[in-house]
Amino acid sequence: MRQKIVAGNWKMNTTADEGQKLTSEIVNMVQDEISADVQVILAPPFTHLQSVGKLIGSSKKIALAAQNVNENESGAYTGEVSAGMLQSVGVEWVIIGHSERREYFKESGEQLAKKINAALKGGLRPIFCCGEPLEVREKEEHEGHVKQQLQDSLFHLSKEQISKVVIAYEPVWAIGTGKTASAGQAQEMHKSIRRQIAEKWGEEVAGQLRILYGGSMKPDNAKELMDQPDVDGGLIGGASLKSRDFLQIIKSA
Ligand code: 13P
């Protein structure tokens, strides 16, 4: 059985105080109400990583993620943050390749491959995002699109390296739109991703890989999505900013 993961991507939301309040609520609720074996991950903005990390403390159930990392180790890259810096403040995971980074910050598949390398080298575990825009889905080219994203940014990794990666399938048309992929659409794509991984690295690696779904996951659709055999959890945007909703989603896992 693959351990489920429920990760909250706060994106560019919350002040430091709001982030601390939200974290405290989540920490308390998870402690009091979650007995199942679920890995919860919080990805606040960079500025909150240390304060959120302190509140998470030694909780085994909750881990800290960054939303981005630079591909270089150090140097003259004003405004950027390296894997080593993140690791030094207790970050364990990093989101790489989110569609917002691909679209607004023009991150290419090649650059994302470098970010994956930098994260792994710096001791971080990547949550690699993939997913197709609406026009690609409408042309029914979504499987090929995602396959290309995996090939561009992950296929250079060794077996050992890919085993540290979690993949998040986030159809762009479902992000922040309230439009969720149906459980059937999610399962179909997750199965296809797992098949790509199996073809490249073998059945054992594919069988252990966690594939999360992201895109308008909410308390009322989380269970159906996460009940699918190849859906191993969720990457949650909007609903992760409300502690009750986030907890409901964790419970669905
Ligand atoms: P929403 O849950 O707000 O649709 O965002 C999903 C997402 O982009 C998580 O990374």
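Because the structure is a prediction, the values reported are computed rather than measured. Here, residue 1 is the first one in the sequence, and each next residue gets the next number.
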### Message
As a quick check of understanding, evaluate side-chain contact (heavy atoms from CB on, under 4.5 Å) for Arg101 and Asn68, giving each step before the final call.
### Response
CA-CA 9 Å; Arg101 302 271 345 152; Asn68 185 24; 3.3 Å; yes
### Message
Can you see whether Trp173 engages Glu132 through a side-chain donor-acceptor pair at a distance of less than 3.5 angstrom?
### Response
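Per modelled atom types, Trp173 and Glu132 side chains form a pair under 3.5 Å.
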Min side-chain heavy-atom separation [X]-[Y] under 4.5 Å:
X: Leu150; Y: Ile193; answer: yes
X: Ile41; Y: Ile62; answer: no
X: Leu124; Y: Glu92; answer: no
X: Leu154; Y: Lys200; answer: no
X: Asn70; Y: Val81; answer: no
X: Leu134; Y: Val172; answer: no
X: Ile127; Y: Val94; answer: no
X: Cys129; Y: Ile167; answer: no

Do [X] side-chain atoms and [Y] backbone N/O form a donor-acceptor pair below 3.5 Å?
X: Ser192; Y: Glu143; answer: no
X: Thr177; Y: Lys179; answer: yes
X: Tyr213; Y: Gly215; answer: yes
X: Arg210; Y: Val166; answer: no
X: His190; Y: Tyr169; answer: no
X: Ser216; Y: Ala174; answer: yes
X: Lys251; Y: Ile34; answer: no
X: Glu224; Y: Asn221; answer: no
X: Tyr104; Y: Ser99; answer: no
X: Asn9; Y: Lys11; answer: yes

### Task
Check the pair Gln185, Arg137 against side-chain contact (heavy atoms from CB on, under 4.5 Å), reporting the backbone distance first and the verdict last.
CA-CA 11 Å; Gln185 286 172 322; Arg137 165 75 53 174; 3.8 Å; yes
### Task
Carefully, step by step, assess Met189 and His142 under the rule side-chain contact (heavy atoms from CB on, under 4.5 Å).
CA-CA 8 Å; Met189 183 60 91; His142 43 286; 3.8 Å; yes
Flag if over 12 foreign heavy atoms under 6.0 Å of [atom1], [X]:
X: Glu110; atom1: CD; value: no
X: Lys61; atom1: NZ; value: yes
X: Glu80; atom1: CD; value: yes
X: Glu33; atom1: CD; value: yes
X: Glu204; atom1: CD; value: no
X: Gln228; atom1: CD; value: yes

Could you tell me which non-hydrogen atom of [X] sits nearest to which non-hydrogen atom of [Y], and how far apart they are?
X: Cys130; Y: Val146; answer: SG-CG1, 3.8 Å
X: Leu235; Y: Ala168; answer: CD2-CB, 3.8 Å
X: Ser243; Y: Ile26; answer: CB-CG1, 4.1 Å
X: His156; Y: Ser153; answer: CE1-O, 3.1 Å
X: Ala83; Y: Ala119; answer: CB-CA, 4.1 Å
X: Gly131; Y: Gln149; answer: N-OE1, 2.8 Å

Under 4.0 Å between a side-chain nitrogen and a carboxylate oxygen: does that hold for [X] and [Y]?
X: Glu107; Y: Lys115; answer: yes
X: Arg2; Y: Asp232; answer: yes
X: Arg244; Y: Glu25; answer: no

### Step-by-step side-chain hydrogen bond (donor to acceptor under 3.5 Å, both in side chains) determination, Gln67 to His98
CA-CA 8 Å; Gln67 298 174 18; His98 194 282; over 6 Å; no
Transitive ILVMFWY side-chain link [X] to [Y], under 4.5 Å:
X: Ile162; Y: Ile95; value: no
X: Val27; Y: Leu49; value: yes
X: Val30; Y: Ile56; value: yes
X: Leu42; Y: Leu22; value: yes
X: Ile96; Y: Leu209; value: yes

Inter-residue atom distance [X].[atom1] - [Y].[atom2], 0.5 Å rounding:
X: Met12; Y: Phe46; atom1: CE; atom2: CZ; value: 13.0 Å
X: Lys60; Y: Asp37; atom1: NZ; atom2: CG; value: 12.0 Å
X: Met226; Y: Ile250; atom1: CE; atom2: CD1; value: 9.0 Å
X: Asp245; Y: Lys218; atom1: CG; atom2: NZ; value: 8.5 Å
X: Lys139; Y: His145; atom1: NZ; atom2: NE2; value: 10.0 Å
X: Gln208; Y: Arg194; atom1: CD; atom2: CZ; value: 10.5 Å

### Task
Please report the C-alpha distance between Glu199 and Lys147 in whole Å, then the side-chain angles of each, then the deciding distance to 0.1 Å, and finally whether the salt bridge (Lys or Arg N to Asp or Glu O under 4.0 Å) criterion is met.
CA-CA 12 Å; Glu199 281 168 15; Lys147 185 175 179 180; 5.2 Å; no
### Intermediate values then yes/no, side-chain contact (heavy atoms from CB on, under 4.5 Å), Trp93 and Ile5
CA-CA 12 Å; Trp93 297 84; Ile5 295 178; 4.2 Å; yes
### Query
Is the ring centre of Trp10 less than 6.0 Å from the ring centre of Phe246?
no
